[in-house]
Amino acid sequence: MPSETAKITGKGADMKENFSVPDIFGSLVFNDKEMKERLPEDIYKSLRKTLSEGGEIEKDVANAVASALKDWAISKGATHYTHWFQPMTGITAEKHDSFISAKPGGTAIMEFGGKALIKGESDASSFPSGGLRATFEARGYTSWDPTSHPFIKDNCLCIPTVFRSYSGEVLDMKTPLLRSMELINTEALRILKLFDINDVTRVIPTVGPEQEYFLVDRQAAEKRRDLMLTGRTLFGAKPPKGQELADHYFGSLRPRVKNFMQELNEELWKLGVYAKTEHNEVAPAQHELAPIYVEANIAADHNQLTMEKMKIIAENHGLMCLLHEKPFEGVNGSGKHNNWSLETDTGLNLLRPGHDPASNKLFLLMLVAMISAVHKHQDLLRIAVASASNDNRLGGNEAPPVIISMFVGSDLEDILNSMAGIAPMHSAATSRKLESGVKSLPDINRDTTDRNRTSPFAFTGNKFEFRMLGSSLSVAESNVIINTIVADELRSFAEIIEAADDKKAAIDNVIISKYREHSAIIFNGNNYSPSWAEEASKRGLLNLRTTPDALPYLTSPENVDLFARNRIYSSVELMSRLEILLDKYAKEVLIEANTMLEMSSRQLIPAVMEYTSLLMDTLSSRHSAGFNFKSAPEKVLIDKIDPLSTGMITLTDSLKAVIAECSSLETAKEKADFCRDKVIPAMSALRKVSDSLEEIVGSEYWPIPTYADLLYGV
Ligand code: ADP
Ligand code: MG
């Protein structure tokens, strides 16, 4: 047995000291243990009470917490503090203030009071607000989120906060997430009561996000404008070797990558992130990190910290971490699997089927609530993962299609079908044992479901795995949606059952009738096959291919109503979100388009010209030396290159023209649609001709590192 305090070596090869993981775990977090140790007992109790029951934090409690926090932070070397929040940019924001306070006589003391802990004011006019706040009304407020522990990052005490406008509208990703967690807690508790489970006081949505990413050599990557400015390659011919051998998947780690992962783990552990699993992914240079699951809001914070640390720590190892959904064409892109379940404070997982799922009515009711929620709200799940970058990946035979369906596995489908009288139970609810056939090897139990790698929303034993998230997305939005739509179903189920005299019969009826109504969302087959799109359309499932196709559904009357009745977003907040998302889409596409323009005009076309002129020079020396130049090899090459270079110049001009036309459009919606219809096709056309030229032009003349340089350069 490895001991719990197994020594591991940090910072890779050059780390001097050994340390024990439990010792460093959470050492930069002001967690419950620190709070208990550092706060007077009555203050600690009062804070815990407010945390579990809600309500306002009292002034003296806030002051005491602030003072303890400051002392703790200073003891860890912090000099500054910040309200750390998650605006609608999808990443985090922070503005640092030092603890310093001026005193007479030119001296200073370190101060931090309850007021500064609870509320911050931000000149927030530069954060996206979707028209909620004109720049002349630039006030935005951050306020302490005591559900997430403060931590220290780069000598700065980070206080997790939420962010709102002057008039109180939500401007961040965190507030709706917290609201949706309270909502699902209320509705799930109501269901538990109907099953006579009365000892539970809290039901918590749990999330474990698996994070994929690429690591490339930093020096090589810095030579590419596209990687520097947009996080993905906008040009690049296919390398001779891609991922066809799948030899990278679970392969042994290269030393530089191993060292990176070790330092990353160490830094994440200090921040209380349960970094757990790491391995190489299918594409060359692609990797994955999965943490142990935690409460949804903490998972959202931790995932942000993980992404940030990945980027910074990569630099220490001469690497660049690419979190973009599709850094390279022709090899797999990166996603983020959002594993989601519901757990009670008594340790019960509401999505655990148990030994006999057919008689586990609580589980079946929860399962059917998931099925009807996903079927009814495909549009919202699609919107939760919609972005310009993720559009490059979804539906590309490597990632789930944009059609939402659910995998529950044949055993569970059998149970539901037989209950609903749709089909008789198969006898194949066979042995759960997997026999090895070798005496010395243990037999193992198999899960209730096999895996289905292609499903966008798959049941995986005791949780659902939503696989459409892009690698760079915040997990907040997806979990707001999942919590809200499931809670909304649970409420409607509870209302039906509560009104019935015979509760047991009512539970069965709900399971059966809702399953019959919504089973069209279940698809256990291959989601990548072209026939699925046809079948899905027959079933009436949505197929929203691009972000601008999906986004307008956000403010449909049904969705405005859904979010309002559940108090997640007001209709004004929804409108503003739509505006922000459309605007972000168009801006991202235009940045890529402008980057292409610059690379094409100033790097790639000149390189092709230089190569052509070399060929011309040789050709003319042949001519001067009296050789027949008409059939000379240089001439053959020039004849191939010339039409392509002319094409490249023309297509660069066309791209320039559509960019200009897009800028003249008025609304975010018009711009987003125009980007989808005109700008992206113009970018693809330019790329195609450039990639053909890359295959002909001498490698010394090609001015930017190639796919092979990047994918195999570490
Ligand atoms: P796989 O997806 O390969 O089955 P794991 O079982 O290791 O892999 O789980 C992947 C992720 O799912 C991990 O982050 C894990 O913590 C998370 N996970 C496991 N159980 C739950 C749960 N009950 N709720 C939320 N996430 C979970
Ligand atoms: Mg998984």
Side-chain angles (χ1 to χ4, degrees), residues 25 177 180-181 184-185 188 200 202-213 249-250 261 264-265 268-269 271-282 286-307 310 332 334-354 357 360 362-363 366-367 369-370 399-400 406-409 412 434 444-469 471 473-476 478-483 486-487 527:
F25 192 86
L177 181 57
S180 72
M181 289 172 71
I184 200 162
N185 172 47
V200 172
R202 254 186 95 205
V203 179
I204 306 140
T206 51
V207 169
E210 299 164 60
Q211 175 73 48
E212 291 182 336
Y213 60 98
Y249 191 51
F250 283 20
M261 287 182 176
L264 177 64
N265 284 336
L268 291 176
W269 289 333
L271 288 167
V273 178
Y274 294 96
K276 169 89 174 159
T277 313
E278 57 196 21
H279 60 80
N280 283 351
E281 260 301 331
V282 175
Q286 194 185 28
H287 313 278
E288 180 183 300
L289 181 142
I292 300 174
Y293 70 92
V294 289
E295 302 180 21
N297 60 325
I298 310 289
D301 285 0
H302 283 182
N303 184 248
Q304 289 287 358
L305 283 175
T306 303
M307 291 194 287
M310 281 177 165
N332 281 2
S334 299
K336 177 144 51 195
H337 293 175
N338 189 82
N339 294 272
W340 183 96
S341 190
L342 277 181
E343 231 172 72
T344 67
D345 58 351
T346 55
L348 182 69
N349 179 342
L350 301 185
L351 289 175
R352 188 182 297 284
N360 185 348
L362 173 58
F363 166 71
M366 293 305 304
L367 182 64
M370 297 293 302
M406 287 171 101
F407 168 83
V408 297
L412 294 176
L434 283 184
I444 50 175
N445 285 332
R446 68 180 178 88
D447 290 294
T448 331
T449 60
D450 192 7
R451 285 166 183 276
N452 176 326
R453 285 273 160 219
T454 67
S455 174
F457 208 103
F459 184 67
T460 46
N462 58 7
K463 59 182 161 65
F464 271 95
E465 196 171 327
F466 184 30
R467 304 211 177 101
M468 290 172 77
L469 281 78
S471 46
L473 290 180
S474 157
V475 300
S478 290
N479 290 296
V480 171
I481 302 296
I482 299 174
N483 295 342
V486 175
N527 283 260

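We count ligands from 1, going down the list as the structure has it; atoms in each ligand are counted the same way. Every value quoted in this text rests on a predicted model; they were computed, and no experiment measured them.
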Exercise. With backbone taken as N, CA, C and O and side chain as the heavy atoms from C-beta onward, which portion of K276 lies under 4.0 Å from ligand 1: side chain, backbone, both, or neither?
Worked result: neither
Exercise. Does H337 approach ligand 1 within less than 4.0 angstrom via side chain, backbone, both or neither, non-hydrogen atoms only?
Worked result: neither
For this session: From atom 17 (C) of ligand 1, work out which of N339, T277, I204 has a heavy atom at the shortest distance.
Result: N339
Exercise. Counting heavy atoms only, which of Y293, W340, F464 comes nearest to atom 27 (C) of ligand 1?
Worked result: Y293
Problem set entry | Salt bridge flag under 4.0 Å for residues R202 and E295 | yes
For this session: Report yes if some heavy atom in the side chain of E288 is under 4.5 Å from a heavy atom in the side chain of H279; otherwise report no.
Result: yes
Seminar exercise, completed: E212 meets the salt bridge (charged side-chain N to carboxylate O under 4.0 Å, His left out) criterion, sequence neighbours left out, with none
Problem set entry | Proximal ligand 1 atoms for P291, defined as those under 4.0 Å from one of its heavy atoms | 13 (C), 14 (O), 15 (C), 16 (O)
Exercise. Looking at CG of N338 and CD of Q211, how far apart are the two atoms once the value is rounded to the nearest 0.5 Å?
Worked result: 11.0 Å
Exercise. Strictly under 4.0 Å, does any heavy atom of N349 approach an atom of ligand 1?
Worked result: yes
Problem set entry | Sub-4.0 Å heavy-atom approach of I292 to ligand 1 | yes
For this session: Verify the ring-centre separation between F407 and F459: is it less than 6.0 angstrom?
Result: no
Problem set entry | Aromatic ring proximity F25/Y274, centre distance under 6.0 Å | yes
